[in-house]
Amino acid sequence: MAAELTAHELIAQHRPTLDQALEAIRTRAYWSPHPEHPKAYGESGSLGAAEGKAAFDALLGTRLDLGQPGTDDWVGAEVSPYGIELGVTYPHADIDVLLPAMRAGQRAWRDAGAEIRAMVCLEILKRISDRTHEFAHAVMHTSGQAFMMAFQAGGPHAQDRGLEAVAYAYVEQARTPDTAEWTKPQGKRDPLALTKQFTPVPRGIALVIGCNTFPTWNGYPGLFASLATGNAVLVKPHPRAALPLALTVRVAREVLAEAGFDPNLVALAAERPDEGIAKTLAVRPEIRIIDYTGSTAFGDWLETNARQAQVYTEKAGVNTVIVESTDNYKGMLSNLAFSLSLYSGQMCTTPQNLLIPRDGILTEEGPKSYDEVVADLAGSVGGLLGDDARANALLGAVVNPDVKARLEAAAGLGEVALASREIANPEFPGATVRTPVIVKLDGAKPDDEAAYMNECFGPVSFAVAVDSATDAVELLRRTIRDKGAMTVGAYTTSAEVTEAVQETCLEECAQLSLNLTGGVYVNQTAAFSDFHGSGGNPAANAALCDGAFVANRFRVVEVRQEA
């Protein structure tokens with residue numbers, strides 16, 4: 001079809017946004033072009049709250065036809081964690097037909113250059129942003145996030161991470177000039193003169209393997225990093241969270257076509273129940289890049305077996321917080337309570353182990369024993385979630401039966417400091433909503449170590465008694481080294497402990513938050529400023545987002561000739 005979006009129009013509309021993103025990743029200052037508040041939408045072509053909800057409702061029970069080649073079936077059996085059957089079906093692909101079709105458009109996409117690719121990616125993100133309300137409901141009813149979290153994390157924050165990846169991709173490609181004139185003096189002889197051309201060349205087809213809990217937030221960095229560097233992208237969503245990524249693929253295909261490119265540069269690979277096509281796709285020779293978020297076991301399998309591909313994984317870790325001392329006891333408790341409760345602890349960044357000296361901690365209120373700290377934290381969580389309406393807004397719904405089973409089993413691992421309780425959701429009676437459990441464990445007991453040294457994904461935290469701050473730091477070091485950590489937190493007023501924790505995190509390559517007592521939480525990161533993961537410990541081999549996340553998605557090929 002003829003292009004409806006010209007290069008001039010794309011650059012005029014989106015180059016200022018890209019320039020601001022480039023400045024933001026340089027300064028690490030706060031910036032976002034995507035409003036966080038729902039009321040900011042509804043004008044200038046974007047969907048407001050009512051329109052977005054209506055658009056989502058209109059999707060239920062429909063066939064989402066993307067017009068991509070090789071469709072041999074229609075699949076889909078998503079049931080919302082809130083108890084609603086979505087009934088949306090998606091194209092199931094004959095991979096032997098789809099993959100060659102995806103490769104067909106790569107030459108024109110490669111030749112378009114880094115700037116035009118970035119502009120097309122920004123147009124995709126702009127159209128997704130205009131439909132943030134619709135996407136929020138799709139994320140909510142596939143992940144179990146409460147609406148406001150689904151709106152923010154699944155909408156503007158995910159879009160920020162996608163734009164951040166585009167900015168990094170542009171920087172790495174623009175680092176090398178398109179052409180160069182090379183002259184080498186030869187004394188009395190004529191100089192040697194060459195004209196050199198440098199072209200960023202994509203690796204091939206990229207595979208994005210989506211996750212259940214954060215389909216857009218975790219999916220967009222890899223998708224846009226690969227697309228912006230010239231690769232076609234095949235999106236394999238989690239079977240319980242296909243809708244948000246399927247909508248993303250539909251928008252991307254529409255924009256690519258309007259900009260004069262092959263829409264098959266982005267395609268969807270939905271699967272039948274228990275089909276497990278990720279393993280099949282991951283080792284196909286056409287797949288040259290893989291982005292994966294999920295379990296350690298499958299992430300390790302990908303890193304071991306997908307030898308033909310550059311593999312980026314975000315797996316699992318055991319996130320730890322050291323509680324040694326504080327000058328804002330109530331602020332510390334409030335901050336930790338929120339961190340443990342948000343989205344029922346179903347975040348890869350949620351703290352699991354709280355390391356507390358068995359002799360207690362120092363506070364501005366005086367000394368607090370280990371038992372007092374744990375009891376006060378339990379009280380803070382209980383107070384935060386004491387009102388059922390507020391609890392539902394913070395907790396969302398338990399995403400799958402495995403989380404519920406781990407939560408129930410955790411109560412048998414030690415002394416329960418805070419029991420989990422069931423909460424009814426009047427709007428969605430079918431939702432499974434549970435408050436967190438806090439279990440007291442002893443860091444010196446091998447049986448307890450078997451519990452706290454393994455990830456227990458969900459609303460489960462362990463208050464681990466340790467002999468001293470020194471022991472806490474050593475346990476932190478061993479945890480990061482052996483199990484990995486997406487986040488580390490520490491509360492201390494001691495310069496010596498601060499230095500020890502910082503040095504441990506530097507040596508073991510883990511992201512650290514110190515003494516958070518206000519409205520910033522250890523399990524939240526801001527695009528353009530914070531790095532999500534480090535890529536340097538077993539929890540993840542990549543960071544969202546740095547130069548390393550994008551630079552290996554393409555190669556620079558040189559053509560030189562005599563001037």
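Ionic pairing of Glu134 and Lys53 is not present here: no N-O contact between side-chain nitrogen and carboxylate oxygen is shorter than 4.0 angstrom. Using a 4.0 Å cut-off between charged side-chain N and carboxylate O, Arg127 and Glu258 make a salt bridge. We find that Glu23 and Arg26 are joined by a salt bridge, their nearest charged nitrogen and carboxylate oxygen being less than 4.0 Å apart. For the pair Asp65 and Arg250, the salt-bridge criterion is not met [side-chain N within less than 4.0 Å of a carboxylate O].
With rounding to the nearest 0.5 angstrom, the OG atom of Ser46 is 12.0 Å from the CZ atom of Arg131. The OG1 atom of Thr229 sits 13.5 Å away from the CZ atom of Arg110 when rounded to the nearest 0.5 Å. The SG atom of Cys211 lies 8.5 Å from the CG atom of Leu245; values are rounded to the nearest 0.5 Å. Taken from CE in Met140 to CZ in Phe151, the straight-line distance is 13.5 Å, to the nearest 0.5 Å. Residue Asp546 holds its CG atom at 9.0 Å from CD of Glu164, rounded to the nearest 0.5 Å. Note that CE of Met149 and OG of Ser143 are 8.0 Å apart. Values are rounded to the nearest 0.5 Å.
Using a 4.5 Å heavy-atom threshold, the side chains of Met119 and Leu18 count as touching. Side-chain contact between Ile11 and Ile116: present, with at least one pair of heavy atoms (C-beta onward) separated by less than 4.5 Å. Using a 4.5 Å heavy-atom threshold, the side chains of Tyr90 and Arg63 count as separate. A 4.5 Å side-chain heavy-atom check between Phe198 and Thr179 finds every atom pair outside the cut-off. Residues Ile128 and Thr132 are not in side-chain contact: their nearest non-hydrogen atoms beyond the backbone lie 4.5 Å or more apart. Between Pro33 and Asp160 the shortest side-chain heavy-atom distance falls below 4.5 Å. Proximity of Ile95 to Leu281: side-chain heavy atoms (C-beta onward) are separated by under 4.5 Å at one or more points. Side-chain atoms of Ile289 and Asp291, non-hydrogen and from C-beta on, do get closer than 4.5 Å to each other.
In terms of modelled atom types and a separation under 3.5 Å, the side chain of Asn319 and the main chain of Thr487 share a donor-acceptor contact. A donor-acceptor contact shorter than 3.5 Å is absent between the side chain of Gln152 and the backbone of Pro38. Checked by atom type and distance alone, the side chain of Thr62 never pairs as donor or acceptor with a backbone atom of Val88 at under 3.5 Å. Checked by atom type and distance alone, the side chain of Tyr343 never pairs as donor or acceptor with a backbone atom of Val398 at under 3.5 Å. Under a 3.5 Å cut-off, the side chain of Gln308 and the backbone N or O of Arg284 do form a donor-acceptor pair. A distance-only check finds a donor-acceptor pair linking the side chain of Gln68 to the backbone of Leu268 [under 3.5 Å]. A donor-acceptor distance shorter than 3.5 angstrom exists from the side chain of Asn400 to the backbone of Val403, with no hydrogens or angles considered. Between the Thr142 side chain and the Val139 main chain, a donor and an acceptor come within less than 3.5 Å of each other. Using modelled atom types, no side-chain atom of Gln13 and backbone atom of Leu10 make a donor-acceptor pair closer than 3.5 Å. Of the possible donor and acceptor atoms, one in the side chain of Asn231 sits under 3.5 Å from a partner among the backbone N and O of Gly204.
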message = For Gln186 and Leu192: C-alpha separation, side-chain torsions, deciding distance, then whether side chain to side chain contact (heavy atoms under 4.5 Å, CB included) applies.
response = CA-CA 7 Å; Gln186 294 291 296; Leu192 300 176; 3.7 Å; yes
inquiry  = For a side chain to side chain donor-acceptor pair (under 3.5 Å) check, start with the C-alpha distance between Gln511 and Thr349, then their side-chain angles and the critical distance, and finish with the verdict.
reply    = CA-CA 10 Å; Gln511 311 293 13; Thr349 51; over 6 Å; no
request  = Show the numbers, then the answer: is there a side chain to side chain donor-acceptor pair (under 3.5 Å) between Glu51 and His133?
outcome  = CA-CA 8 Å; Glu51 295 90 347; His133 274 282; over 6 Å; no
task = In sequence, state the C-alpha distance, the side-chain angles, and the governing distance for Tyr220 and Phe214, and then conclude on ring-ring contact (aromatic ring centres under 6.0 Å, His included).
result = CA-CA 10 Å; Tyr220 284 4; Phe214 289 88; over 10 Å; no
request  = Mind running side chain to side chain contact (heavy atoms under 4.5 Å, CB included) on Leu163 and Leu122 for me, showing each step along the way?
outcome  = CA-CA 7 Å; Leu163 175 54; Leu122 264 61; 3.5 Å; yes
inquiry  = Test side chain to side chain contact (heavy atoms under 4.5 Å, CB included) on Leu234 and Val208; report intermediate values, then the result.
reply    = CA-CA 6 Å; Leu234 180 60; Val208 174; over 6 Å; no
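Other residues, nucleotides and ligands contribute more than 12 heavy atoms inside 6.0 Å of the CD atom of Glu558. Residue-environment remark: CZ (Arg272) exceeds the threshold of 12 foreign heavy atoms within 6.0 Å. Within a 6.0 Å sphere centred on CZ of Arg560, heavy atoms belonging to other residues, nucleotides or ligands number 12 at most. In Glu9, the CD atom is crowded: over 12 heavy atoms of neighbouring residues, nucleotides or ligands sit closer than 6.0 Å. Enclosure of atom CD in Glu43 is not indicated, since only 12 or fewer non-hydrogen atoms of other residues, nucleotides or ligands lie within 6.0 angstrom.
Both tests pass for Arg553 against the ring of Phe549: distance under 6.0 Å to the centre and angle within 45° of the axis.
For the pair Val550 and Ala225, the tightest heavy-atom approach, listed with the atom from each and the gap, is CG1-CB, 3.7 Å. In terms of heavy-atom proximity, Ala228 sits nearest to Ala169 at CB-CB, 3.8 Å. Among all heavy-atom pairs drawn from Gly162 and Leu125, the shortest one is C-CD1, 3.9 Å. Heavy atoms only, all atoms of each residue included: Ser129 and Tyr41 are closest at O-CE2, 3.3 Å. Between Pro237 and Ala269 the shortest heavy-atom distance is CD-O, 3.6 Å. Between Arg15 and Tyr170, the shortest heavy-atom distance links the atoms NH1-OH, 3.1 Å.
The aromatic ring centres of Phe147 and His137 sit less than 6.0 Å apart. Not less than 6.0 angstrom separates the ring centroid of Tyr292 from the ring centroid of Tyr312.
Residues meeting the salt bridge (charged side-chain N to carboxylate O under 4.0 Å, His left out) test with Asp178, sequence neighbours left out: none.
Judged by distance alone, the side chains of His92 and Glu271 never bring a donor and an acceptor atom under 3.5 Å apart. Side chains of Arg103 and Asn264: no donor on one and acceptor on the other come within 3.5 Å. Thr313 and Glu303 are linked by a side-chain donor-acceptor pair at a separation below 3.5 angstrom, with hydrogens and angles left out of the test. Side-chain contact, Arg117 with Gln173: a donor N or O sits under 3.5 Å from an acceptor N or O. A donor and an acceptor atom, one from each side chain of Arg161 and Thr525, are located under 3.5 Å apart. Checked by atom type, the side-chain pair His157/Gln524 shows no donor-acceptor distance below 3.5 Å.
Using the six-membered ring where Trp is involved, His141 and Tyr82 have ring planes that are perpendicular, over 60° apart on the 30 and 60° scheme.
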